[in-house]
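What's counted below: heavy atoms across the whole structure, side chains too, no hydrogens, waters or symmetry copies.
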Amino acid sequence: MLKRYEEFLKEVDSEIAEYFKDQQQYIKCRKGCTGCCTTGEYPFSRLEAEYLMQGFQSLSKEERDEVRQNIKQVKLQKADFLKRSVSANNLPPAGQKFTNQTESRFEYRCPFLINNLCVLYSRRGLVCRMFGLAYLDGNRVVLPGCANSGLNYSGVYDCASGMVNIENPLQKKLTIDTWLRSSLAEKYALEAGEIRPLIDWF
């Protein structure tokens, strides 16, 4: 399955590269720009997590130890976040169960980011591969978070009004599901499994 996934990724990367080329006038991504890796949820399918962890085995001992330490730190941060979220002010009404809605808002630094570089860049998830692009979802243009930081698409985005002026927004909805439920995924007979925030796979 992982070998088929690798072949699938080659086609995905080729298509995404074309999207970045088409949108290059709006793109400011550069090596060392890690805003998208320092604050996020990073949804990964089971298949993506397995592929990532297969690559983890090839890292040096020092890198593996640092990633493990990073994961431990994020887990502690998440536990603290949830503890604060389920305070007296945030408890659900009597008789109702607490849901994971609060949990889903937990954002963190990717544990695979070391010295401002992804140590498993070639095995990064789909969400990482397509981050930075804007796309059309119905009548709404969905912008990458870095547009608010003066990066991608910031020149055509007015924060105050929320208006976006893009001549040629991508017509493809760029989500994990778009790829994992595509005819391309069927071509490689992929079974991606459940999608969770990356940290929840550890």
Side-chain angles (χ1 to χ4, degrees), residues 1-10 12-13 16-17 20 29-87 90 98-133 144-146 148-149 151-152 174-180 185 188 190-202:
M1 174 81 77
L2 293 181
K3 292 302 287 183
R4 295 201 305 272
Y5 178 64
E6 248 177 4
E7 293 303 310
F8 163 81
L9 282 179
K10 288 177 186 175
V12 169
D13 284 344
I16 289 176
F20 272 106
C29 297
R30 299 289 181 271
K31 186 174 181 179
C33 174
T34 58
C36 52
C37 312
T38 55
T39 308
E41 298 174 85
Y42 319 110
F44 269 58
S45 66
R46 176 190 48 77
L47 178 60
E48 292 173 278
E50 287 176 9
Y51 184 65
L52 185 76
M53 292 314 293
Q54 184 187 63
F56 175 78
Q57 303 307 320
S58 67
L59 296 177
S60 68
K61 181 183 183 305
E62 292 76 18
E63 288 172 322
R64 291 196 308 271
D65 288 346
E66 189 163 350
V67 169
R68 287 187 185 107
Q69 187 58 38
N70 291 344
I71 290 171
K72 182 178 178 182
Q73 176 116 17
V74 173
K75 287 283 201 182
L76 289 172
Q77 290 168 353
K78 182 170 185 177
D80 182 59
F81 174 84
L82 293 175
K83 185 177 178 183
R84 286 184 284 110
S85 296
V86 187
S87 65
N90 290 327
F98 180 74
T99 68
N100 287 333
Q101 288 177 342
T102 303
E103 178 182 356
S104 69
R105 290 193 296 269
F106 174 69
E107 294 185 330
Y108 51 95
R109 179 184 176 91
C110 178
F112 293 91
L113 187 66
I114 297 177
N115 297 324
N116 283 336
L117 291 173
C118 177
V119 292
L120 287 174
Y121 185 78
S122 65
R123 290 179 176 257
R124 68 198 185 283
L126 291 168
V127 68
C128 310
R129 291 169 192 270
M130 60 191 167
F131 186 85
L133 290 166
C146 61
N148 292 310
S149 306
L151 296 174
N152 293 6
L174 297 179
T175 65
I176 294 179
D177 279 342
T178 300
W179 296 107
L180 296 180
Y188 289 99
L190 298 183
E191 296 176 18
E194 181 184 357
I195 296 173
R196 303 179 188 173
L198 177 60
I199 196 62
D200 290 350
W201 288 110
F202 306 111

Undergrad: For the backbone of Glu194 and the side chain of Arg46, can you confirm whether one donor and one acceptor N or O come within less than 3.5 Å of each other?
TA: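 Here the side-chain-to-backbone pair does not exist.
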Undergrad: Without swapping roles, check the side chain of Tyr108 against the backbone of Glu41 for a donor-acceptor pair under 3.5 Å.
TA: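 Side chain of Tyr108 to backbone of Glu41, a donor-acceptor pair under 3.5 Å: yes, one is there.
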Undergrad: Looking at every non-hydrogen atom in both residues, tell me the closest pair between Leu52 and Leu120 and how far apart they are.
TA: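 That would be O-CD1, 3.4 Å.
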Undergrad: Can you measure from CD (Glu107) to CZ (Phe81) and round to the nearest 0.5 angstrom?
TA: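 It comes to 8.5 Å.
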Undergrad: Step by step, work out the side-chain contact (heavy atoms from CB on, under 4.5 Å) result for Val127 and Leu198.
TA: CA-CA 11 Å; Val127 68; Leu198 177 60; over 6 Å; no
Undergrad: Picking from Asp13, Thr178, Ile176, what satisfies side chain to side chain contact (heavy atoms under 4.5 Å, CB included) with Met130?
TA: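 Result for side chain to side chain contact (heavy atoms under 4.5 Å, CB included) with Met130: Ile176.
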Undergrad: Determine whether Phe202 and Val74 satisfy the following criterion, side-chain contact (heavy atoms from CB on, under 4.5 Å), listing intermediate values before the conclusion.
TA: CA-CA 10 Å; Phe202 306 111; Val74 173; over 6 Å; no
Undergrad: To check you understand the geometry: which heavy-atom pair defines the closest contact between Lys61 and Asp65, and what is its length?
TA: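 Closest pair (atom of Lys61, atom of Asp65, distance): NZ-OD2, 2.7 Å.
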Undergrad: Are Lys3 and Glu6 ion-paired here, with the side-chain N under 4.0 Å from a carboxylate O?
TA: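 Here Lys3 pairs with Glu6 in a salt bridge, since their nearest N and O are under 4.0 Å apart.
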Undergrad: Taking only residues two or more places apart in sequence or in another chain, which ones pass side-chain hydrogen bond (donor to acceptor under 3.5 Å, both in side chains) with Gln69?
TA: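 By the side-chain hydrogen bond (donor to acceptor under 3.5 Å, both in side chains) rule, Gln69 matches no residue at all.
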Undergrad: If only atom types and distance count, is the side chain of Asn152 paired as donor or acceptor with the main-chain N or O of Gly132 below 3.5 Å?
TA: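 It does hold such a pair.
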Undergrad: What are the two closest non-hydrogen atoms of Asp200 and Lys75, and how far apart are they?
TA: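 Shortest heavy-atom separation between Asp200 and Lys75 comes out as CA-NZ, 4.4 Å.
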Undergrad: Does Asn70 form a side-chain contact (heavy atoms from CB on, under 4.5 Å) with Leu113? I'd like the steps, not just the answer.
TA: CA-CA 9 Å; Asn70 291 344; Leu113 187 66; over 6 Å; no
Undergrad: Write down the atom of Glu7, the atom of Tyr188, and the distance for their closest heavy-atom approach.
TA: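 The pair with the smallest heavy-atom distance is CB-CE2, 3.4 Å.
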Undergrad: Test side-chain contact (heavy atoms from CB on, under 4.5 Å) on Phe8 and Leu47; report intermediate values, then the result.
TA: CA-CA 12 Å; Phe8 163 81; Leu47 178 60; over 6 Å; no
Undergrad: As an exercise, state the distance from CD of Glu48 to CD1 of Ile195, rounded to the nearest 0.5 Å.
TA: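 One gets 7.0 Å once the value is rounded to the nearest 0.5 Å.
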Undergrad: Taking side chain as C-beta onward, heavy atoms only, is Arg129 less than 4.5 Å from Leu9?
TA: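 SC-SC contact between Arg129 and Leu9 confirmed.
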Undergrad: Roughly how far apart are Phe112 CZ and Cys37 SG, rounded to 0.5 Å?
TA: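 Phe112 CZ to Cys37 SG: 12.5 Å, rounded to 0.5 Å.
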Undergrad: Taking all non-hydrogen atoms of both residues into account, name the closest pair between Arg64 and Leu59 and its distance.
TA: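 Closest heavy-atom pair between Arg64 and Leu59: NH1-O, 2.6 Å.
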Undergrad: Locate the shortest heavy-atom distance separating Pro144 from Phe131; write the atom from each residue and the value.
TA: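 In this case the closest contact between Pro144 and Phe131 is CB-CZ, 4.0 Å.
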Undergrad: In chain order, what residues pass the side-chain hydrogen bond (donor to acceptor under 3.5 Å, both in side chains) check against Glu63, with sequence neighbours excluded?
TA: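 With sequence neighbours excluded, Glu63 shows a side-chain hydrogen bond (donor to acceptor under 3.5 Å, both in side chains) to Ser60, given in chain and number order.
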Undergrad: Are there over 12 heavy-atom neighbours, none belonging to Tyr121, within less than 6.0 Å of that residue's OH?
TA: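 Result for OH/Tyr121: open.
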Undergrad: Trp201 side chain to Phe44 main-chain N or O, any donor-acceptor pair under 3.5 Å?
TA: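 At least one qualifying donor-acceptor pair exists.
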Undergrad: When rounded to the nearest 0.5 angstrom, what distance separates CD1 in Ile71 from CZ in Phe56?
TA: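 Spacing of CD1 (Ile71) from CZ (Phe56) equals 6.5 Å.
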Undergrad: Atom OG of Ser45 and atom CG of Leu190: how far apart are they, to the nearest 0.5 Å?
TA: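 The OG atom of Ser45 sits 9.0 Å away from the CG atom of Leu190.
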Undergrad: Give, for atom CZ of Arg123 and atom OH of Tyr5, the distance between the pair rounded to the nearest 0.5 Å.
TA: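 So the gap between those two atoms works out to 10.0 Å.
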